[in-house]
Amino acid sequence: MTDSPVKKPAHARNAVIVVALFCMLLMTTLFLYQGGFNRWESTSELLCCLTLLAAITFLALRCKQTEEALCRVQAQLAHVTRVTSLGELAASIAHEVNQPLAAITSSAQACRNWLTREEPDLIEVHQSLERIIASANRASEITRRVRALSHKCDPLRRDESLNDIVSEALSLVRCELAQHQISPEIELAVFDDLVSADRVQLQQVIINLIINACQAMDAVYASQRTLLIRTWVKDNEAVLEVTDQGPGIPVDVLPQLFTPFFTTKENGLGMGLSICRSIIDFHEGRIWATRANGQGSSFLFALPIRVANDPGYAAAI
Ligand code: ADP
């Protein structure tokens, strides 16, 4: 696996300072070389240029600072919405963890029964213990995923399989789908291509699209609620599509969907899709929505797939 950490802001700041110092040095050297110090006009021109350069550098650094502050606020907001969506999924996650715990209890009871027999059946005991271990691993895996989503950490992109990320996100929303009486159809195309992605951030996008689809389909009869989740690769991009059978998106709403604070929901914040867009932008991808044929809507994103001759690609597969 190769890590491609986010470009550190300090590097960009240092680059601005280095370029400015280099320009100043070059100007002063030229000035001295041409003997400009003998003429007052040249000296004052040099001073003007140096002052101008210093002012431009100062403004560039201020711009950089503002950009960094904006990035920090966006990251905090992304974290808050992630935690909010976890809150929405709380009942679902509790149910998801409860299943392996219940399985552990019944396997442990079975194990005890096999042991307390006159002639303990060690093969059955062994099998019960295996089931307990598998269920405990399942429970801790769910907890690990929830913790990863709730953690606040800097984005870290690695070579990942989009299908694996989709499957992991689906495991967190399975009960949510069941609660909304939605039967998902999952069509993940088989492909080996990897995308350079922050796993947690992409899961946030996918979970957000699925929750939105669930909420949209609350408005239609349970029998009509189908959710189609598909992935495929086309033109060097890995694409994910989430299609619902909800009421669809009115034409006048379509251009505003990804605008911050745009919401048509009574208790909506209107930040979900806007954060999805900034996450996909960060991944150098595209995200868009369409009105599905007939009823409903589709949300899609496309991410560039890693090119085989990229440094580190071979190590990642
Ligand atoms: P919120 O869910 O808080 O409203 P979002 O940014 O996630 O914020 O969504 C913005 C708006 O986009 C929603 O209020 C809704 O009008 C529209 N929208 C999002 N997903 C869908 C969907 N699957 N079907 C129809 N409209 C949708």
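Side chains included, hydrogens not; waters and symmetry mates left out as well; all remaining heavy atoms used. Note that ligands are numbered from 1 as they come in the structure, with each ligand's atoms numbered from 1 the same way. We count residues from 1, following the sequence as given.
Here is the list of ligand 1 atoms found below 4.0 Å of a heavy atom in A216: 22 (C), 23 (N), 24 (N). Ligand-side atoms of ligand 1 in range of G268: 3 (O), range being under 4.0 angstrom from any heavy atom.
To the nearest 0.5 Å, atom CD of residue E168 and atom CD1 of residue I142 are 11.0 Å apart.
Of the protein's heavy atoms, T263 OG1, 2.6 Å lies nearest to atom 4 (O) of ligand 1. Residue, atom and distance of the protein heavy atom nearest to atom 6 (O) of ligand 1 are L273 N, 2.8 Å. Of the protein's non-hydrogen atoms, N212 ND2, 2.9 Å is the one closest to atom 7 (O) of ligand 1. In terms of protein heavy-atom proximity, atom 14 (O) of ligand 1 is nearest to T264 N, 2.9 Å. Closest to atom 2 (O) of ligand 1 among all protein heavy atoms lies K265 NZ, 2.6 Å. Protein heavy atom nearest atom 1 (P) of ligand 1, with residue, atom name and distance: G270 N, 3.7 Å. Scanning the protein for heavy atoms near atom 10 (C) of ligand 1, the closest one is F262 O, 3.2 Å. When hydrogens are left out, the protein atom nearest atom 26 (N) of ligand 1 is I249 CG1, 4.0 Å; that is the closest non-hydrogen contact.
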(message) Please evaluate residues R138 and E141 with respect to the criterion salt bridge (Lys or Arg N to Asp or Glu O under 4.0 Å), reporting the C-alpha separation (whole Å), side-chain torsions for both, the decisive distance (0.1 Å), and the verdict.
(response) CA-CA 5 Å; R138 165 106 193 97; E141 175 63 8; over 6 Å; no

(request) Show the numbers, then the answer: is there a side-chain contact (heavy atoms from CB on, under 4.5 Å) between L227 and T243? (result) CA-CA 6 Å; L227 179 70; T243 302; over 6 Å; no

(request) Decide side-chain hydrogen bond (donor to acceptor under 3.5 Å, both in side chains) for R291 and S297; before the verdict, give the C-alpha distance in whole Å, the side-chain angles of both, and the deciding distance to 0.1 Å. (result) CA-CA 4 Å; R291 289 148 57 80; S297 50; over 6 Å; no

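Under the 3.5 Å distance criterion, with hydrogens and angles disregarded, a donor-acceptor pair is assigned to the side chains of H180 and D218.
Nearest-heavy-atom check against atom 3 (O) of ligand 1 across I275, L269, L254 picks out L269. In this structure, of L257, D244, T243, the residue bringing a heavy atom nearest to atom 18 (N) of ligand 1 is L257.
Within the structure, ligand 1 lacks G246 among the residues with a heavy atom less than 4.0 angstrom away. Note on ligand 1: F258 sits outside its first shell, no heavy atom being nearer than 4.0 Å.
Residue S274 has no nitrogen or oxygen atom sitting less than 3.5 Å from a nitrogen or oxygen atom of ligand 1, judged on distance alone. Considering backbone and side-chain atoms alike, G248 places every N or O at 3.5 Å or more from each N or O of ligand 1. Close N/O approach between Q215 and ligand 1 is not found [any backbone or side-chain N/O within under 3.5 Å]. Between F299 and ligand 1, not a single N/O pair is under 3.5 Å apart.
Taking 4.5 Å as the limit, every side-chain heavy atom of P120 sits out of range of all side-chain heavy atoms of W114. With contacts defined as side-chain heavy-atom distances shorter than 4.5 Å, the pair V242/N212 does not qualify. The shortest distance between side-chain heavy atoms of L228 and E187 falls below 4.5 Å. With a 4.5 Å cut-off on side-chain heavy atoms, Q204 and I279 count as touching.
Annotation for F258 and L273: closest pair CD2-O, 3.4 Å, computed over non-hydrogen atoms.
Seen from the ring of F282, R157 counts as a face-on cation partner, given the 6.0 Å and 45° thresholds.
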